[in-house]
Structure formats: structure tokens, C-alpha cells
Amino acid sequence: MTFRAAPPEVINATVLIADDEPSMRLLVRATIESDQYQVLEASDGDEAWAMIKEYIPSVVLLDVQMPGRTGLEVLAMIRSEPSLAATRVIMLTAKALKADVELGMTAGADLYLTKPFSPLDLPTRVDDALGRWRSALPAGSLVRPTA
């Protein structure tokens with residue numbers, strides 16, 4: 001008797017929304033939610049960092065002004081951790097001055113979007129970031145054989 005291996009399981013991407021405003025998290029979730037990835041939520045910078053360490057998300061949508069660690073502090077922590085090198089960070093914030101944008105991009109954000117944002121544009125931006133996340137992973141790492 002021969003056994004065939006089970007088909008490989010594709011590892012789904014994870015998106016973390018980190019914002020202290022529940023209504024903003026709800027809007028972003030409703031805008032981007034898809035069967036293609038798991039969506040998680042954090043209500044402050046400390047919770048965001050704990051979830052990032054636990055889940056190693058593919059993309060983080062990060063507000064700048066949050067209780068606990070700020071979005072920029074969380075971004076710096078992501079960029080200093082080698083295991084998070086493939087994680088893409090989209091700043092999604094009301095901090096819209098040119099100096100704010102430059103600070104976010106210099107700190108390592110992949111994209112800086114200001115509120116209010118276009119609900120029609122956000123899913124495309126997340127999909128683009130997920131494409132860059134997938135291309136940054138080592139070959140073969142998106143497929144995990146099943147036991």
C-alpha cells in the first residue's frame with residue numbers, strides 16, 4: 001500500500017491593525033477584511049508590540065498617536081528585530097505634516113497614509129504591501145507541508 005502526501009498548506013498572511021480608536025479599527029477591518037489573510041487588532045502600542053512578537057504579522061497598519069508605546073516607537077522596534085525583517089508597515093495616522101511623513105518614512109515605514117483615507121484605496125495598498133511581504137520571504141517559505 002502506498003500513501004500520498006497531503007497537499008501543502010499555504011500559510012496565510014496576517015494583518016495587524018493598531019489604533020486606539022475602536023471606530024477606526026472597525027472601519028479599517030471592514031475595509032480590508034478578506035479570506036486571503038487573518039486580521040488582528042491592537043488598541044495601543046504595548047498591545048501591538050505584544051501581538052507583533054506573538055503573531056509576526058505580514059503587514060502592520062500602525063497609528064502614530066497611541067497610548068503606551070507610540071506608533072513610531074513600535075515601528076523602530078519592528079525595524080530593529082531581524083525576525084521581523086519581512087514585515088511591512090503602513091502608517092495610518094492623522095499626523096499629516098510634511099515633517100511627520102518624513103519622520104515616519106525615515107523611521108522605516110513602507111508607506112505613510114493620512115486620515116481620512118480612501119476606503120477604496122486601502123485594500124489595494126494592503127494587497128501591494130502583502131505582495132512585497134511575499135517577495136521578501138525566502139523561497140519556499142509560503143508553503144508548509146502538512147503532517
Participant: According to the salt bridge (Lys or Arg N to Asp or Glu O under 4.0 Å) rule, which pairs have a member within residues 54-72, sequence neighbours left out?
Facilitator: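 Pairs touching residues 54-72 that pass the test: Asp46-Arg69, Asp63-Lys115.
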Participant: Would you please test Ile90 and Leu62 for side-chain contact (heavy atoms from CB on, under 4.5 Å) and show each step?
Facilitator: CA-CA 6 Å; Ile90 299 173; Leu62 194 57; over 6 Å; no
Participant: Are the side chain of Tyr112 and the backbone of Thr93 linked by a donor-acceptor contact shorter than 3.5 Å?
Facilitator: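 Judged by distance alone, no pair lies under 3.5 Å.
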Participant: Please, which pairs that meet side chain to side chain donor-acceptor pair (under 3.5 Å) have at least one residue in residues 71-80, sequence neighbours excluded?
Facilitator: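 Checked against side chain to side chain donor-acceptor pair (under 3.5 Å) - neighbours excluded - the pairs reaching residues 71-80 are Arg79-Asp110.
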Participant: Should Pro57 and Ile52 count as side-chain neighbours, where that means a heavy-atom distance under 4.5 Å?
Facilitator: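 Yes - at least one pair of side-chain heavy atoms lies under 4.5 Å apart.
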Participant: Quick check: closest heavy atoms across Tyr37 and Val126, and the distance to 0.1 Å?
Facilitator: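 Scanning both residues completely, I find the closest heavy atoms to be OH-CG1, 3.9 Å.
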Participant: Under a single-linkage definition using a 4.5 Å side-chain heavy-atom cutoff for Ile, Leu, Val, Met, Phe, Trp and Tyr, are Leu26 and Phe117 assigned to the same hydrophobic cluster?
Facilitator: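 Per the 4.5 Å side-chain linkage, Leu26 and Phe117 are not co-clustered.
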Participant: Does any donor atom in the side chain of Glu81 or Ser83 lie under 3.5 Å from an acceptor atom in the other side chain?
Facilitator: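 On atom types as modelled, these side chains qualify, holding a pair under 3.5 Å.
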Participant: Any chance you could measure Ile17, atom CD1, to Leu27, atom CG, to the nearest 0.5 Å?
Facilitator: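 Result: 9.0 Å between the selected atoms.
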Participant: To the nearest 0.5 Å, tell me how far Asp20 CG sits from Glu47 CD.
Facilitator: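 Between atom CG of Asp20 and atom CD of Glu47 there are 11.5 Å.
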Participant: Can Ser43 and Arg25 be said to form a side-chain contact (heavy atoms from CB on, under 4.5 Å), step by step?
Facilitator: CA-CA 8 Å; Ser43 60; Arg25 289 194 311 274; 3.5 Å; yes
Participant: Is there side-chain contact between Thr87 and Val59, with heavy atoms separated by less than 4.5 Å?
Facilitator: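 When only atoms from C-beta onward are counted, Val59 and Thr87 do not touch, as no gap falls below 4.5 Å.
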Participant: Of all heavy-atom pairs between Leu72 and Ala107, which one has the smallest distance, and what is that distance?
Facilitator: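 Result for this residue pair: CD2-CB, 4.4 Å.
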Participant: First locate atom CD of Glu41, then atom CG of Leu16, and finally report the distance between them rounded to the nearest 0.5 Å.
Facilitator: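 Taking CD in Glu41 and CG in Leu16, the distance rounds to 9.0 Å.
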Participant: Is there a side-chain contact between Asp19 and Val28 (heavy atoms, below 4.5 Å)?
Facilitator: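 No. Closest side-chain heavy atoms not under 4.5 Å.
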Participant: Please list, chain by chain and in numerical order, all residues satisfying side chain to side chain contact (heavy atoms under 4.5 Å, CB included) with Gln38, sequence neighbours excluded.
Facilitator: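 With neighbours one apart ignored, the set is Thr14, Leu40.
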Participant: Would you say Thr106 and Glu102 are linked by a side-chain donor-acceptor pair, where the criterion is simply a distance under 3.5 Å?
Facilitator: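 Absent: no donor and acceptor within the cut-off.
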Participant: Taking side chain as C-beta onward, heavy atoms only, is Leu75 less than 4.5 Å from Met91?
Facilitator: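 When only atoms from C-beta onward are counted, Met91 and Leu75 do touch, with a gap below 4.5 Å.
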Participant: Could you tell me the separation between the CZ atom of Arg125 and the CG atom of Leu61, rounded to the nearest 0.5 Å?
Facilitator: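 These two atoms lie 12.0 Å from each other.
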Participant: If we ignore hydrogens and angles and just use 3.5 Å, is the side chain of Asp127 paired with the main-chain N or O of Thr124 as donor and acceptor?
Facilitator: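 A pair under 3.5 Å: no.
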Participant: Taking all atoms of both residues into account, what is the closest heavy-atom pair of Ala42 and Met51, and its distance?
Facilitator: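 Here Ala42 and Met51 meet closest at CB-SD, 3.9 Å.
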Participant: Hey, is the main chain of Asp121 close enough, under 3.5 Å, to the side chain of Ser118 for a donor-acceptor pair?
Facilitator: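 Checking the backbone N and O of Asp121 against the side chain of Ser118, a donor-acceptor pair under 3.5 Å is found.
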Participant: To the nearest 0.5 Å, tell me how far Met24 CE sits from Thr31 OG1.
Facilitator: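 Here the interatomic distance stands at 9.0 Å.
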Participant: Got a second to check how far Met105's CE is from Asp100's CG, nearest 0.5 Å?
Facilitator: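 It comes to 13.5 Å.
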